[in-house]
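Reckoned from all heavy atoms, side chains included, excluding hydrogens, waters and symmetry mates. We name chains A, B, ... by the order of the sequence lines, and we start the count at 1 in each one.
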There are 2 protein chains.
Amino acid sequence: MNSESLQFKNYIESKGLLFTPERQCVAEEVFASHNHMDAEELLKHLKSKGSKASRATVYRTLDLLVESGLVKKIDLGEGRLVYEHTAGHPHHDHLVCLKCGSVQEFEEPLIEQLQEWACEKANFKPTGHSLNIYGYCRGCTTGKR
Amino acid sequence: MNSESLQFKNYIESKGLLFTPERQCVAEEVFASHNHMDAEELLKHLKSKGSKASRATVYRTLDLLVESGLVKKIDLGEGRLVYEHTAGHPHHDHLVCLKCGSVQEFEEPLIEQLQEWACEKANFKPTGHSLNIYGYCRGCTTGKR
DNA sequence: ATAGCTGCAAAGGCTTTGCATGTTC
DNA sequence: GAACATGCAAAGCCTTTGCAGCTAT
């Protein structure tokens with residue numbers, strides 16, 4: 001079991017819940033993936049690996065993973081909700097390709113700073129944000145439509 | 001008929017379509033509102049004013065308004081899709097209150113510039129973006145929970 | 001025994017679509 | 001009368017929930 005799964009196990013058990021095989025499967029699949037996956041893709045992957053975790057369990061476990069802080073739920077807009085593990089990921093935002101659907105990450109600390117200022121000016125106490133840039137990725141730009 | 005409705009009429013007719021009373025009602029309601037409204041609220045307002053426009057027509061007309069460029073569809077995250085008219089609105093982003101649900105706008109041109117740079121670095125050709133900051137608005141901060 | 005899990009299927013919430021009817025040119 | 005609009009209700013999509021049965025302690 002990798003370190004993230006172990007942390008999740010600890011989190012689960014610290015709440016007096018059970019670290020079941022289904023929960024472990026879902027967690028490991030999320031931690032193993034280096035893409036942004038939505039719940040349905042995750043379910044499909046699990047099925048193809050022979051896991052019997054149901055859709056309901058996938059959704060319920062994803063909620064637990066988000067609660068634990070080990071996974072973030074990202075709203076990419078256009079109805080796309082995806083999950084990414086947080087370990088080793090500094091804060092970042094997303095570049096969403098409108099042609100192939102791929103998602104890249106980017107970091108721009110100064111943007112964060114400017115957001116803080118904007119909030120101060122507006123007397124708004126921020127707790128989080130979501131920044132998505134839509135357009136065409138490098139691969140799709142060459143044969144751009 | 002106000003200037004925006006007139007522009008919409010021109011757009012509609014330039015496409016060989018009809019500027020029907022239903023379309024006019026929906027458009028005028030959107031242009032008259034200074035809030036961010038979702039389709040359902042819009043429909044409710046229209047009903048309360050005696051308009052007979054149906055839900056389907058509301059959705060279909062909103063699509064036309066967005067196509068025309070006179071209205072923007074904003075994804076506030078968390079499943080909230082709202083519309084705002086563009087006339088006289090410079091580009092801006094949104095502050096979404098997690099307690100009362102209110103939406104404020106803010107402008108920070110430098111953020112736009114930094115986004116451009118981030119895209120250049122990533123070889124990404126941007127066509128648009130969505131930036132939402134979540135937190136608590138001034139009113140909700142005083143009696144904050 | 002008791003509390004916690006799971007899968008299934010049904011229910012939700014919002015948006016889109018098919019179709020029959022009505023309108024416009 | 002050909003193309004376009006409308007309302008209604010049904011269908012879609014994705015996510016959540018209720019419930020009966022199962023598992024772990």
Inset, instruction - For the pair B:K49 and B:E28, find out whether any cationic side-chain nitrogen is under 4.0 Å from an anionic carboxylate oxygen. - result: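 Here B:K49 does not pair with B:E28 in a salt bridge, since their nearest N and O are not under 4.0 Å apart.
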
Whole-Å distance between [N] [atom2] and [X] [atom1]?
X: A:E13; N: C:dA3; atom1: CD; atom2: C1'; result: 16 Å
X: A:Q24; N: C:dT6; atom1: CD; atom2: C1'; result: 16 Å
X: B:L46; N: D:dG7; atom1: CG; atom2: P; result: 11 Å
X: A:L42; N: D:dC14; atom1: CG; atom2: P; result: 15 Å
X: B:L43; N: C:dC14; atom1: CG; atom2: P; result: 12 Å
X: B:E78; N: D:dT15; atom1: CD; atom2: P; result: 14 Å
X: B:K52; N: D:dT6; atom1: NZ; atom2: P; result: 8 Å
X: B:K47; N: D:dC8; atom1: NZ; atom2: C1'; result: 11 Å

Evaluate the side-chain proximity of [Y] to [X]: yes if any heavy-atom separation is below 4.5 Å, no if none is.
X: A:L62; Y: A:K73; value: no
X: A:Q24; Y: A:M1; value: yes
X: B:Y11; Y: B:L70; value: no

Return the minimal non-hydrogen interatomic distance between [X] and [Y], and the atom names on each side.
X: A:F19; Y: A:S5; answer: CZ-O, 4.0 Å
X: B:V30; Y: B:V71; answer: CG1-CG2, 3.8 Å
X: B:Y136; Y: B:C97; answer: CA-SG, 4.0 Å

Side chains of residues 110-120 of chain B: which donor-acceptor pairs under 3.5 Å do they make with residues two or more places apart or in other chains?
from   : atom 1 : to     : atom 2 : distance (Å)
B:E112 : OE2    : B:H91  : NE2    : 3.4
B:Q115 : OE1    : B:H129 : ND1    : 3.1

With the criterion being N/O to N/O and under 3.5 Å, what pairs connect the protein with nucleotides 15-19 of chain C, and how long is each?
from   : atom 1 : to    : atom 2 : distance (Å)
C:dT15 : OP2    : B:Y59 : OH     : 2.2
C:dT15 : O5'    : B:Y59 : OH     : 3.3

Between the protein and nucleotides 2-5 of chain D, list the N/O to N/O atom pairs that are separated by less than 3.5 angstrom.
from  : atom 1 : to    : atom 2 : distance (Å)
D:dA5 : OP1    : B:L18 : N      : 2.9
D:dA5 : OP1    : B:R23 : NH1    : 2.9
D:dA5 : O5'    : B:R23 : NH1    : 3.3

Legend entry - Ring geometry between B:H85 and B:F31 (parallel below 30°, tilted from 30 to 60°, perpendicular above 60°): parallel

